[in-house]
Amino acid sequence: MAYTAAQVITQAQRFLIDIDDAAYSDDMLTYLNEGCRRFASETHCCQSYVLISNITDSSIPYLVIRNAIDTIITPGSTEGILFVSKVLPMLGDNWTPLPKAPMSEMKAFLATDVTIPTRYFLYAEAIHFDVEEGVSMNSGAGISFRLWCSYIPADLTATSDLLIIPDEWVHAIVKYMVFCCHIADRSAALANGAYAEFEAIKQAAANVYISQIERIPGAVQ
């Protein structure tokens, strides 16, 4: 069961002993969105796999992937793609994932008469295949791909909206909101305690989700 923003705000208010006067109510949704963005981007906990159909170009922009995820969840629910961990072309009977190469190790493009990609790399928020640019993939018929990726959820706009952060990590968002409120009050000791709890939960989540995909440079380890 997904939590609404209102339910998470209420949990934070209990820690702040702020149920009755709601002294922080005007800022709570902002704090919640900030916490969700940080948690998702640093743990890769928001994950999805999608079908992208009939691609003929030599690249797939992340915007196309983001829109595909939105059709699974709700329109406008995805702010951006973080990392694509697996690219599976759906050709023939035995589907084999494409190997990934760092951009610096990519070889020359395939010959213009070869229209089936053999590898891919990630650059400038897009998946790029080794098919020569301008050559239509699969001899113009296009290729459908299954993609596995992590993403950043879009900001919630109302307290009735549902969080995309998995339920088991919502208490981290609560701690982050408590941290923000104490910082606003200049209560450094209380703020530091809440932030330390947020960091500990975030590290535990990162250990779970980043282990499911290849190691990402700069990610929490």
Side-chain angles (χ1 to χ4, degrees), residues 1-9 28-91 95 97-98 100 117 120-129 136-138 141-174 176-177 202 205-206 208-210 212-214 216 218-220:
M1 180 194 77
Y3 286 86
T4 65
Q7 289 173 318
V8 180
I9 289 171
M28 293 298 260
L29 189 58
T30 299
Y31 297 155
L32 183 149
N33 283 325
E34 185 179 307
C36 288
R37 278 172 171 264
R38 285 200 57 177
F39 196 82
S41 64
E42 295 175 30
T43 67
H44 294 258
C45 68
C46 293
Q47 299 179 351
S48 183
Y49 74 95
V50 294
L51 171 65
I52 308 293
S53 300
N54 302 321
I55 297 297
T56 57
D57 295 335
S58 59
S59 63
I60 304 176
Y62 279 5
L63 178 61
V64 172
I65 306 172
R66 194 180 84 188
N67 290 339
I69 295 175
D70 282 350
T71 64
I72 297 173
I73 308 174
T74 55
S77 60
T78 309
E79 180 65 27
I81 302 301
L82 281 169
F83 187 75
V84 177
S85 57
K86 186 176 182 180
V87 176
L88 180 68
M90 300 166 66
L91 288 168
W95 300 345
L98 288 180
K100 177 189 173 186
Y120 74 98
F121 69 96
L122 306 175
Y123 184 73
E125 297 198 338
I127 301 170
H128 301 270
F129 302 102
S136 187
M137 288 206 294
N138 198 17
I143 301 174
S144 295
F145 291 91
R146 282 281 185 189
L147 306 176
W148 282 255
C149 58
S150 57
Y151 63 92
I152 301 173
D155 287 348
L156 305 184
T157 58
T159 57
S160 58
D161 291 343
L162 296 173
L163 269 69
I164 295 178
I165 298 294
D167 286 1
E168 61 266 37
W169 308 112
V170 165
H171 56 304
I173 310 305
V174 171
Y176 188 84
M177 295 166 68
K202 186 184 71 175
V208 171
Y209 292 102
I210 294 179
Q212 297 172 2
I213 55 180
E214 66 183 67
I216 304 169
V220 176

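- For the side-chain contact (heavy atoms from CB on, under 4.5 Å) with V8, the qualifying choice from L32, I165, T159 is L32, the only one to do so.
- To the nearest 0.5 Å, the span separating CD1 on I69 from OG on S77 amounts to 8.0 Å.
- The backbone N or O of C45 lies less than 3.5 Å from a partner atom in the side chain of T43, making a donor-acceptor pair.
- Using a 4.5 Å cut-off on side-chain heavy atoms (C-beta onward), L122 and V84 make contact.
- Not one N or O on the side chain of T4 forms a donor-acceptor pair closer than 3.5 Å with the backbone of D161.
- The line from OG of S144 to CD1 of I55 is 8.0 Å long, rounded to the nearest 0.5 Å.
- Between Y209 and H44, the ring center distance fails the sub-6.0 Å criterion.
- Between the CD atom in E125 and the CD1 atom in I60 there is a gap of 14.5 Å [rounded to 0.5 Å].
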_What verdict does the side-chain contact (heavy atoms from CB on, under 4.5 Å) test give for K86 and K100, after you've listed the backbone C-alpha separation in whole Å, the side-chain angles of each residue and the deciding distance to 0.1 Å?_
CA-CA 8 Å; K86 186 176 182 180; K100 177 189 173 186; over 6 Å; no

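- Nearest approach of A158 to L29, heavy atoms of both residues: N-CD2, 4.0 Å.
- Residue Y31 holds its OH atom at 15.0 Å from SG of C36, rounded to the nearest 0.5 Å.
- Proximity of L147 to L88: side-chain heavy atoms (C-beta onward) are nowhere separated by under 4.5 Å.
- One N or O on the side chain of N33 and one on the backbone of L156 form a donor-acceptor pair closer than 3.5 Å.
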*Can M90 and L51 be said to form a side-chain contact (heavy atoms from CB on, under 4.5 Å), step by step?*
CA-CA 10 Å; M90 300 166 66; L51 171 65; 3.3 Å; yes

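- Here the shortest heavy-atom pairing between S48 and I72 reads OG-CD1, 4.0 Å.
- Counting heavy atoms from C-beta on, the side chains of F39 and W169 come closer than 4.5 Å.
- Counting heavy-atom neighbours within 6.0 Å of E168 CD, excluding the residue itself, gives a total above 12.
- Residues Q47 and W148 have side chains not in contact (no heavy-atom distance under 4.5 Å, counting atoms from C-beta outward).
- Contact of the I81 side chain with the Y151 side chain is registered, since non-hydrogen atoms from C-beta on lie closer than 4.5 Å.
- Remark: the backbone N or O of G76 is paired with a side-chain donor or acceptor of D70 at under 3.5 angstrom.
- The line from CD1 of I210 to OG of S85 is 12.0 Å long, rounded to the nearest 0.5 Å.
- With hydrogens and angles ignored, the 3.5 Å screen pairs a side-chain donor or acceptor of S41 with a backbone N or O of R37.
- Contact check for E34 versus M177: no side-chain heavy atoms found under the 4.5 Å cut-off.
- A 4.5 Å side-chain heavy-atom check between L82 and C149 finds every atom pair outside the cut-off.
- A heavy-atom distance below 4.5 Å is not found between the side chains of I73 and P153.
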*side-chain contact (heavy atoms from CB on, under 4.5 Å) between Y120 and H128: does it pass, once the steps are laid out?*
CA-CA 5 Å; Y120 74 98; H128 301 270; over 6 Å; no

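- Residues F145 and F129 place their aromatic rings such that the two centres sit under 6.0 Å apart.
- For the atom pair C46 SG and I152 CD1, the distance stands at 9.0 Å (nearest 0.5 Å).
- Under the 3.5 Å distance criterion, the side-chain polar atoms of R66 are matched with a main-chain donor or acceptor of E79.
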